[in-house]
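Here is the structure we will look at, set down as structure tokens.
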Amino acid sequence: KAGVTQTPRYLIKTRGQQVTLSCSPISGHRSVSWYQQTPGQGLQFLFEYFSETQRNKGNFPGRFSGRQFSNSRSEMNVSTLELGDSALYLCASSLGGTGGIYEQYFGPGTRLTVT
Amino acid sequence: AQSVTQLGSHVSVSEGALVLLRCNYSSSVPPYLFWYVQYPNQGLQLLLKYTSAATLVKGINGFEAEFKKSETSFHLTKPSAHMSDAAEYFCAVTVPYGQNFVFGPGTRLSVLP
């Protein structure tokens, strides 16, 4: 099976711009979670989508949003970029049902640099 | 709510020495626990998981971890370190029917020749 893919891998944006990151989960996985990783804050949970619905949300401002499509692919959008948004954004997919525990499989991440 | 602490942000061991990375968790219900490894410029890779079956869990690359409820711990060990083990290691916790993984701050493992 192909793993989780994220595009683009690297991105440079300017303050005030907006950006969209894409994640394609493992085939058959219906849950997609997004994380922000920075040296100072570590891995922080952004949100999780399951069957096109946001099921969980972390403590991030409304500038961070996401969506999931019917094929389980997900996009994450950040509007009005700030310097502090520079980070590695990781996407993780899992089977994501409600009846058990499903480990998360991570993509390679998108490195976003805001200048 | 769950939380995870990892004692030691940086651990150094000699090649061939025992690796011990510490993880303590807090959870109001029986947890599920995971160890992930991250190599530079890569995503996280699952090493092993505890999901309430055997308390001693074996994972990939010779790693294992033991769930100790009385100590609320899930420490990761490997008998003999290899240079290729140098990476960052994350402990994570979730709960039954929960979908939110909470990650610890990570421990960077250095392996000295």
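Hydrogens, waters and symmetry mates play no part in the numbers below; they use all other heavy atoms, side chains included. Order of the sequence lines fixes the chain letters, A, B, ..., with proteins taken first and strands second; residue numbering starts at 1 for each chain.
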Assess whether side chain to side chain contact (heavy atoms under 4.5 Å, CB included) is satisfied between B:Asn41 and A:Arg111, documenting all intermediate values.
CA-CA 9 Å; B:Asn41 298 315; A:Arg111 173 76 62 186; 4.2 Å; yes

Taking every heavy-atom pair that is under 4.5 Å apart, which of A:Pro108, A:Gly42, A:Gly58, A:Gly107 has the most such pairs with chain B?
A:Pro108

Quick check on the 6.0 Å ring-centre criterion: do A:Tyr35 and B:Phe103 meet it?
yes

Around atom CG of B:Leu112, are there more than 12 heavy atoms from other residues, nucleotides or ligands closer than 6.0 Å?
yes

Taking the side chain as every heavy atom from C-beta outward, state whether A:Leu88 and B:Gln38 have any pair of such atoms under 4.5 Å apart.
yes

Is atom CG of A:Asn59 surrounded by more than 12 heavy atoms (other residues, nucleotides or ligands) closer than 6.0 Å?
no

Relative to chain B, which segment of A:Gln41 carries a heavy atom at a distance below 4.5 Å: side chain, backbone, both, or neither?
neither

May I ask you to check whether over 12 heavy atoms, not counting those of A:Arg63, lie within 6.0 Å of atom CZ?
yes

Using non-hydrogen atoms and a 4.5 Å limit, figure out which bit of B:Leu44 sits close to chain A: side chain, backbone, both or neither.
both

For A:Lys57, does the NZ atom sit with more than 12 other heavy atoms under 6.0 Å from it, leaving out its own atoms?
yes

Can you sort out the partners of B:Glu15 under salt bridge (Lys or Arg N to Asp or Glu O under 4.0 Å), two or more places apart, ordered by chain and number?
none

Distance check, rounded to the nearest 0.5 Å: B:Tyr32 atom OH versus A:Glu103 atom CD?
12.0 Å

Just wondering, are more than 12 heavy atoms of other shown residues or ligands nearer than 6.0 Å to CZ in A:Arg73?
yes

